[in-house]
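Everything on this sheet refers to the single structure shown next.
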2 protein chains.
Amino acid sequence: MEYRKIFNNYLQERGLRLTKVRDLILEAVFATHTHFDAEELYDSLKGQAVSRATVYRTMPLLVDSGLVKKSMFGLDKEKYEHIYGHPNHFHIICIKCGRVIEQIDKKLETAIIEITERNGFEYEDYHLKISGICSLCKE
Amino acid sequence: MEYRKIFNNYLQERGLRLTKVRDLILEAVFATHTHFDAEELYDSLKGQAVSRATVYRTMPLLVDSGLVKKSMFGLDKEKYEHIYGHPNHFHIICIKCGRVIEQIDKKLETAIIEITERNGFEYEDYHLKISGICSLCKE
DNA sequence: CTGCAAATTGTCAACCATTATCATCCACAC
DNA sequence: GTGTGGATGATAATGGTTGACAATTTGCAG
């Protein structure tokens, strides 16, 4: 798995250790194909000796390594999603039922990068969340 | 002040009461021209008998009334900004120094609305946060 | 203007996600 | 295999936010 190589490289580059527990967490993250929070990840690791604290401690590493992204839903908890192998995308959320649609739009992304550079920034990443009412809830 | 009228209408429409305290909070919100959190708002009301709990209780009303928006920085606390009289805008944030730039881009907004409708959603709002490295930090 | 019911507020305790602490454990270099 | 410093687990602590409830105030009817 490519993502393992990436994470291991990331760890080694900064003198962090490749541990069994970090591996378990990594696998759990990539076995999850939805948006999840730390607690849900912890639950999915029940039975495999991993403590809650370590899950919380590992998430920033995964984010920093570029494998995982915080996906901002403006809710209470931190939500994450793995992004390795997923092109940059954004979300459209129904404010009635909470349904989330993922979208990719190259043109929009290009426009965003242009705007960033026009302001003298070196582009790094973007988060876009659109709120609306989905077709099912419109009636 | 127009925003007072809007808030009062909002309250009356749902049988909520216009109270002195809500008025004080409203004024404090519109006296603040930056992004703020509940605690900062509470501080700015020191001396005017308003309790912390009421500040927290009132924020959702202000958001729901459309006068205030949660501005998502993916940080620890809920951040807000008042939006009455401000065109819809987004933020570019420097990941090194934390500087925040506000931008308006009509074309981008149009594109976002189009994408939303193409997906069968009725457009409501969007949140865009761009991360990058600002000109000062690039060196 | 007065009285009343219901909404609102303040105080303070409770909640809950996240973080710090610290003793124990383990990865990794030698 | 050993030593050492990073990593982990258990648990307490933290801090933003919310709940409970008695006291207070608003909006309205009379």
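With hydrogens and angles disregarded, a donor-acceptor distance shorter than 3.5 Å links the side chain of B:His82 to the backbone of B:Val29. Checked by atom type and distance alone, the side chain of B:Lys96 never pairs as donor or acceptor with a backbone atom of B:Lys138 at under 3.5 Å.
Rounded to an integer number of Å, the gap from A:Leu41 CG to C:dA17 P is 15 Å. Between the CG atom of A:Leu11 and the C1' atom of D:dG5 there is a distance of 16 Å, rounded to whole Å. Atom CD1 in A:Ile25 sits about 8 Å away from atom P in D:dG9, given to the nearest Å. Rounded to whole Å, atom C1' of C:dT9 lies 13 Å from atom CG of B:Leu24. The separation between A:Met59 atom CE and D:dT8 atom P is 14 Å, rounded to whole Å. Straight-line distance from the CZ atom of B:Arg52 to the C1' atom of C:dA13: 14 Å, rounded to whole Å. In this structure, A:Phe7 atom CZ and D:dA7 atom C1' are separated by 12 Å, rounded to whole Å.
Side chains of A:Phe90 and A:Ile104 form no contact here, defined as non-hydrogen atoms less than 4.5 Å apart. Taking 4.5 Å as the limit, some side-chain heavy atom of A:Tyr3 sits within range of a side-chain heavy atom of A:Glu27.
Between D:dT18 and B:Tyr56, no contact under 4.0 Å exists linking OP1 or OP2 to a side-chain N or O.
Closest contact between the side chain of A:Ala53 and the listed nucleotides D:dA10, D:dT8, D:dT17 involves D:dA10.
One axis for each end of the helix from C:dC1-D:dG30 to C:dC30-D:dG1, each built from five base pairs, and the angle between them comes to 30° at 10° resolution.
Position along DNA chain C of the nearest nucleotide to B:Ala49 versus A:Ala38 favours B:Ala49 as the more 5'-ward residue. Annotation: of the two residues near DNA chain D, A:Arg57 and A:Gly15, the 5′-most nearest-nucleotide partner is A:Gly15.
The aromatic rings of A:His91 and A:His35 sit perpendicular, their planes meeting at an angle over 60°, well past the 30° parallel limit.
A donor-acceptor contact under 3.5 angstrom links the side chains of A:His89 and A:Glu81, judged on distance only.
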Listed pairs, N/O of protein and of nucleotides 22-29 of chain D, under 3.5 Å:
from: D:dT26; atom 1: O2; to: B:Arg17; atom 2: NH1; distance (Å): 2.7
from: D:dT26; atom 1: O2; to: B:Arg17; atom 2: NH2; distance (Å): 3.4
from: D:dG27; atom 1: OP1; to: B:Leu18; atom 2: N; distance (Å): 3.2

